[in-house]
Amino acid sequence: MVRPSLFYYYSQPRPSGSFRGFFIPTPLALLTSFIIVSYIYSTSHLFTHHHHTTSRFSSSSAFVSTFSSPTPLPIPVSFSNKNDSNWSKNHTLESAAGKGSESQRSPPPQLSSNGKSENNDDVFHDRDIFLEDYKEMNKSFKIYVYPHRKDDPFANVLLPVKYEPGGNYASESYFKRVLMKSHFITKDPTKADLFFLPFSIASMRNDRRIGVGGIQDFIRDYISNISQSYPYWNRTGGADHFYVACHSIGKSAMDKADQVKFNAIQVVCSSSFFIRGYLAHKDACLPQIWPRKGDPPNLVSSKRKKLAFFAGAVNSRVREQLVESWRTDPEIFAHAGRLKTPYADELLGSKFCLHVKGFEVNTARIGDSLYYGCVPVIIADYYDLPFADVLNWKSFSVVVPSMDIPLLKKILKGISFEEYLRLQSNVLKVRKHFQWHSSPVDFDVFYMTMFELWLRRSTIKVSLGDSVGPH
Ligand SMILES: *[C@@H]1O[C@H](CO)[C@@H](O)[C@H](O)[C@H]1NC(C)=O
Ligand SMILES: *[C@@H]1O[C@H](CO)[C@@H](O)[C@H](O)[C@H]1NC(C)=O
Ligand SMILES: *[C@@H]1O[C@H](CO)[C@@H](O)[C@H](O)[C@H]1NC(C)=O
Ligand SMILES: *[C@@H]1O[C@H](CO)[C@@H](O)[C@H](O)[C@H]1NC(C)=O
Ligand SMILES: *[C@@H]1O[C@H](CO)[C@@H](O)[C@H](O)[C@H]1NC(C)=O
Ligand SMILES: *[C@@H]1O[C@H](CO)[C@@H](O)[C@H](O)[C@H]1NC(C)=O
């Protein structure tokens, strides 16, 4: 079905889908051109300072102050979802690059049929379209998980973990565990929209036989094994495959498996444009969320007296700047290192909670702020925010460029009380999208991640033979 809604999401699947198809027989030399082209393409987006609600590139809002007035934006050209086989045939490297620049010049298409503007206060860019697509996703999306032999010595890396996941990398374990039990799984690979590579980077890291040093080799061998044993990898060069990783080591894990890095969908917590291996136009952000049961008991009665709060290791230039600027301020609480008082009290006692880029991109603080009903302030330039394809981050957070740290107080105090209440009530509305459940609950972090994958599903089936033709 072709609807204006398609303008709402990303520009990604089709262009890169056909890229990927094209990719397979292409000599390596072109790979380099591809990287250059996509680099130019993505950086040109970075610097046009645009700011609109719905495209895939709205995630770049991470470096656009919410206080700058929104300018009308080019929205990447979108194509019909299913019937683009002709387009794909025409879609060579040159035309792909051309499409990119064309889309920058083209006037923004109408945002939506119901006339919602980008200044909407809703937590979704477009609720109706999202809900409609979500239903479709929920009904039709199918994932095939590569099986392994019962006696595979590395079954531990491929199976969901037995223990209850916790801590910073819980999202990775939770995702796999919930996916395997979900109705998205199909045992019939010909019915699959996407193929799941079930290895866990966190488990590999903890396995003495693999360890940090062995992860790259393991993944190279794993891909080699599945591409020998099944036709699906070669069919698309991995473009309809995905993996999920929350550990920051993941950023270099694919260094010996270039096809994974360049073709597959990487759903990762380290979703920074600056992290090598993360390709913003095809990969997706998995939020780093601690599993938690129920709401904090004092959420409703919490009195938020402090203006803003940060505590954590000062392990990046941005955090240094923050602490230097605000350490002695009576209203902005910027604490270097661990707190002596309970962390939760601060999250409950502050109006705004600062998420400041550290040594690694670490989003656990976003999850924390939302959970405790504190409006997140994101100071992490070039960070691909979770679910930015769907969620209107401007409606429940404040994004401050690192450059503006000295202006932080002015910015936060410039937010009126009414505006704050609106942000905070939206925080309470989006919390459910940032929660894990053992059995998934509609619109929780599992379903939202599935939706992001669905947006990126490759709709172009490259047929290399009768046995593996499109279904
Ligand atoms: C795509 O177009 C072909 C005809 O060109 C049609 O038979 C087919 O049903 C279309 N598929 C979808 C999903 O619209
Ligand atoms: C694709 O192109 C062929 C001829 O080039 C045309 O007959 C066919 O209808 C086209 N299909 C679609 C879906 O546009
Ligand atoms: C593909 O290219 C041919 C020839 O250049 C053109 O006639 C046709 O319209 C193109 N199809 C699409 C879908 O762009
Ligand atoms: C999604 O699918 C599950 C399982 O079939 C079902 O329980 C749930 O109600 C569906 N949600 C929506 C919004 O369609
Ligand atoms: C790949 O297959 C070989 C032969 O079956 C096996 O020994 C090896 O453990 C496999 N490697 C991975 C990473 O799956
Ligand atoms: C896939 O491609 C690889 C490398 O070209 C080749 O070794 C392998 O046999 C192919 N797999 C299948 C199933 O044809």
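Since this is a predicted model, take the numbers as computed values, not measurements. We count residues from 1, following the sequence as given. When a ligand or atom number is given, it counts from 1 through the structure's own listing order.
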Closer than 4.0 Å to some heavy atom of Phe218 - which atoms of ligand 5 meet that? 13 (C)
Could you check whether atom 2 (O) of ligand 4 has a protein contact, counting only heavy atoms that fall below 4.0 angstrom? yes
Would you call Arg177-Glu164 a salt bridge at under 4.0 Å N-O? yes
How far apart are the C-alpha atoms of Tyr243 and Gln266, what are their side-chain angles, what is the distance that settles it, and do they pass the side-chain hydrogen bond (donor to acceptor under 3.5 Å, both in side chains) test? CA-CA 6 Å; Tyr243 74 90; Gln266 307 181 95; 2.6 Å; yes
Tyr230 touching ligand 6 at heavy-atom level, < 4.0 angstrom: yes
Indicate, with yes or no, whether the SG-to-SG separation of Cys285 and Cys269 is under 2.5 Å. no
Tell me: protein heavy atom nearest atom 13 (C) of ligand 4, and distance? Asp442 OD2, 3.5 Å
Protein heavy atoms: any of them under 4.0 Å from atom 5 (O) of ligand 6? no
State whether Asp283 and Arg456 are salt-bridged, where the test is any N-O pair (Lys NZ or Arg NE/NH1/NH2 against Asp/Glu carboxylate O) under 4.0 Å. no
Distance to 0.1 Å, residue and atom name: give those for the protein heavy atom nearest to atom 14 (O) of ligand 6. Asn234 ND2, 3.7 Å
Of all the non-hydrogen atoms in the protein, which one sits nearest to atom 12 (C) of ligand 4, and at what distance? Asn138 ND2, 3.1 Å
Of the protein's non-hydrogen atoms, which lies at the shortest distance from atom 11 (N) of ligand 6, and what is that distance? Ser227 O, 2.6 Å
Nearest neighbour in protein (non-hydrogen) for atom 7 (O) of ligand 6: Gln228 NE2, 3.3 Å
Trp233/Gln259 under side-chain hydrogen bond (donor to acceptor under 3.5 Å, both in side chains): CA gap, chis, key distance, verdict: CA-CA 10 Å; Trp233 182 272; Gln259 282 201 326; 2.6 Å; yes
Quick one: do Lys142 and Asp188 make a salt bridge, cutoff under 4.0 Å? no
How far does CG of Asp121 sit from CZ of Arg422, to the nearest 0.5 angstrom? 4.0 Å
Of Asn225, Ile226, Ile210, the residue with the heavy atom nearest atom 10 (C) of ligand 5 is Asn225
